[in-house]
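Report on the following structure.
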Amino acid sequence: SAVNDAMNMSTVFHQLGFDQVHLLTNKQVTKDNIFETLSIIGGDTDPKDLLVLYFAGHGVSTNTKAGLQTGYLIPFGCGQGEELEEGVPMDLLAETIRKMRNSHVLSLLDCCYSGQLLLEYKRSTQKSNVDLDYLKDFVKDRCRFVLTATSGTGMAQESIKNGLFTQCVLDVLAGTTKHHHKGYVSVNDDLAPYVSRKTKERSRGSQKPKSGLLEEGDGEIAITYKKL
């Protein structure tokens with residue numbers, strides 16, 4: 001379930017040593033609470049802090065009143081056909097993320113149509129065997145990285161314990177893959193390729209995660225077990 005996904009991710013980020021972990025589940029997950037929490041985090045954190053936004057639940061794609069196709073995250077209490085008023089527009093979420101004062105923001109979305117968050121899709125260049133010196137140069141620059149469970153038209157699937165996408169993310173962050181011997185995980189070169197490959201494999205090709213940047217730039221994000 002989405003609650004189980006969120007709780008598992010919360011546990012992992014506590015284990016990774018994040019100073020603040022804000023967990024919203026069930027009735028707490030309203031449109032207003034989501035944006036209010038982001039505002040609170042923006043005010044409480046240092047611009048150098050890494051902000052990770054994770055959402056698990058339902059997503060839809062529909063036409064706005066202006067006739068434009070857009071995606072929505074569906075919060076608690078948002079009924080069918082109410083997404084225009086009660087849903088979280090992905091374009092608004094993207095704009096909010098861009099405006100966050102944190103230099104590094106990683107967005108992880110496990111829901112249907114989540115790829116629509118990447119309105120101007122730009123895939124980052126992935127390099128194999130990235131070393132620590134390379135990473136040090138790029139983590140200094142601003143970065144808005146997005147990793148989504150599906151394309152803009154795709155459906156998200158479940159595994160035995162978690163959402164299929166979430167389970168693949170947890171594999172990496174919880175240290176059950178080969179990446180952690182380095183003491184850090186590059187989001188662009190470790191996390192995104194692994195999650196994309198394994199999600200496709202485990203769904204037999206029917207679920208295809210997307211990754212990219214919400215704005216132009218050369219920045220990188222690293223989730224570390226040791227200080228860079």
Side-chain angles (χ1 to χ4, degrees), residues 1-6 9 29 31 34-35 38 52-98 105-126 143-172 187-188 191-216 221:
S1 71
V3 173
N4 188 55
D5 289 343
M9 290 292 289
V29 189
K31 179 180 180 179
I34 289 173
F35 286 108
L38 287 173
V52 179
L53 169 64
Y54 170 78
F55 176 85
H58 295 294
V60 300
S61 178
T62 189
N63 289 322
T64 65
K65 294 178 180 178
L68 301 175
Q69 192 78 10
T70 189
Y72 290 83
L73 306 183
I74 303 302
F76 186 89
C78 180
Q80 185 175 1
E82 298 178 340
E83 58 271 7
L84 294 182
E85 291 76 27
E86 302 297 331
V88 177
M90 292 191 196
D91 54 355
L92 177 59
L93 181 61
E95 185 61 27
T96 301
I97 292 169
R98 289 189 186 100
V105 181
L106 169 62
S107 301
L108 304 168
L109 300 187
D110 192 352
C111 62
C112 299
Y113 308 105
S114 50
Q116 290 204 21
L117 184 63
L118 290 163
L119 299 179
E120 297 176 3
Y121 178 69
K122 178 181 181 294
R123 179 174 293 278
S124 302
T125 302
Q126 295 170 353
C143 184
R144 299 287 186 270
F145 197 94
V146 174
L147 179 56
T148 67
T150 70
S151 66
T153 58
M155 307 296 287
Q157 301 179 29
E158 295 291 315
S159 65
I160 296 175
K161 295 181 179 180
N162 299 99
L164 185 56
F165 167 85
T166 293
Q167 186 58 59
C168 294
V169 173
L170 289 170
D171 287 347
V172 177
V187 168
N188 185 46
L191 181 64
Y194 177 89
V195 170
S196 179
R197 183 176 71 255
K198 287 299 183 180
T199 301
K200 288 178 185 177
E201 288 178 3
R202 295 172 186 177
S203 68
R204 298 182 179 180
S206 62
Q207 184 173 335
K208 300 176 182 179
K210 295 295 183 183
S211 63
L213 303 173
L214 284 180
E215 59 187 21
E216 295 291 332
I221 293 174

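The basis for the numbers below is simple: all heavy atoms, side chains too, and nothing from hydrogens, waters or symmetry mates. Numbering starts at 1 and runs along the sequence shown.
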Exercise. Take Leu164 and Asp110, measure what side-chain contact (heavy atoms from CB on, under 4.5 Å) needs, and give me the verdict at the end.
Key: CA-CA 9 Å; Leu164 185 56; Asp110 192 352; over 6 Å; no

Give every donor-acceptor pair under 3.5 Å between a side-chain atom in residues 74-87 and any protein atom, sequence neighbours left out.
{"residue": "Glu82", "atom": "OE1", "partner": "Gly79", "partner atom": "N", "Å": "2.7"}
{"residue": "Glu83", "atom": "OE1", "partner": "Gly81", "partner atom": "N", "Å": "3.2"}

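- Using a 4.5 Å cut-off on side-chain heavy atoms (C-beta onward), Cys111 and His58 make no contact.
- In this structure, the side chain of Arg144 engages the main chain of Ile97 through a donor-acceptor pair within 3.5 Å.
- Counting only heavy atoms from C-beta outward, the side chains of Thr199 and Lys208 never approach each other to under 4.5 Å.
- For the residue pair Ala149 and Ser114, the shortest heavy atom distance occurs at N-OG, 3.2 Å.
- The side-chain contact (heavy atoms from CB on, under 4.5 Å) test applied to Val52 returns Phe13, Phe18, Leu50, Leu106, Leu108, not counting sequence neighbours.
- When every heavy atom of Met90 is checked against every heavy atom of Leu117, the shortest pair comes out as O-CD1, 3.3 Å.
- Between Ala56 and Ala2 the shortest heavy-atom distance is O-CB, 3.4 Å.
- Side-chain contact between Val88 and Phe35: present, with at least one pair of heavy atoms (C-beta onward) separated by less than 4.5 Å.
- Between atom OG of residue Ser1 and atom CD of residue Glu158 there is a gap of 8.0 Å, rounded to the nearest 0.5 Å.
- Thr166 places a side-chain heavy atom less than 4.5 Å from the side chain of Tyr54.
- By the 4.5 Å heavy-atom criterion applied to side chains, Pro209 and Thr150 are not counted as neighbours.
- Rounded to the nearest 0.5 angstrom, Leu147 CG and Ser107 OG are separated by 9.5 Å.
- With hydrogens and angles ignored, the 3.5 Å screen pairs a side-chain donor or acceptor of Thr96 with a backbone N or O of Leu92.
- Atom SG of Cys168 sits about 9.0 Å away from atom CD of Glu201, to the nearest 0.5 Å.
- Counting all heavy atoms, side chain and backbone alike, Asp5 lies closest to Lys161 at OD1-O, 4.5 Å.
- Side-chain contact, Ser61 with Tyr72: no donor N or O sits under 3.5 Å from an acceptor N or O.
- Ion pairing between Arg202 and Asp171 holds under the 4.0 Å rule for side-chain N and carboxylate O.
- Defined by atom type and a distance below 3.5 Å, a donor-acceptor pair is present between the side-chain atoms of Gln157 and Ser206.
- Minimum interatomic distance between Asn188 and Pro193 (heavy atoms only, all atoms of both residues): O-CD, 3.3 Å.
- At distances below 3.5 Å, not a single donor-acceptor pair connects side-chain atoms of Gln207 with backbone N or O atoms of Ala156.
- One distance of note links CG of Leu73 with CD1 of Ile34; it measures 6.5 Å at 0.5 Å rounding.
- Residues Ile221 and Val105 come closest through the heavy atom pair CD1-O, 3.5 Å.
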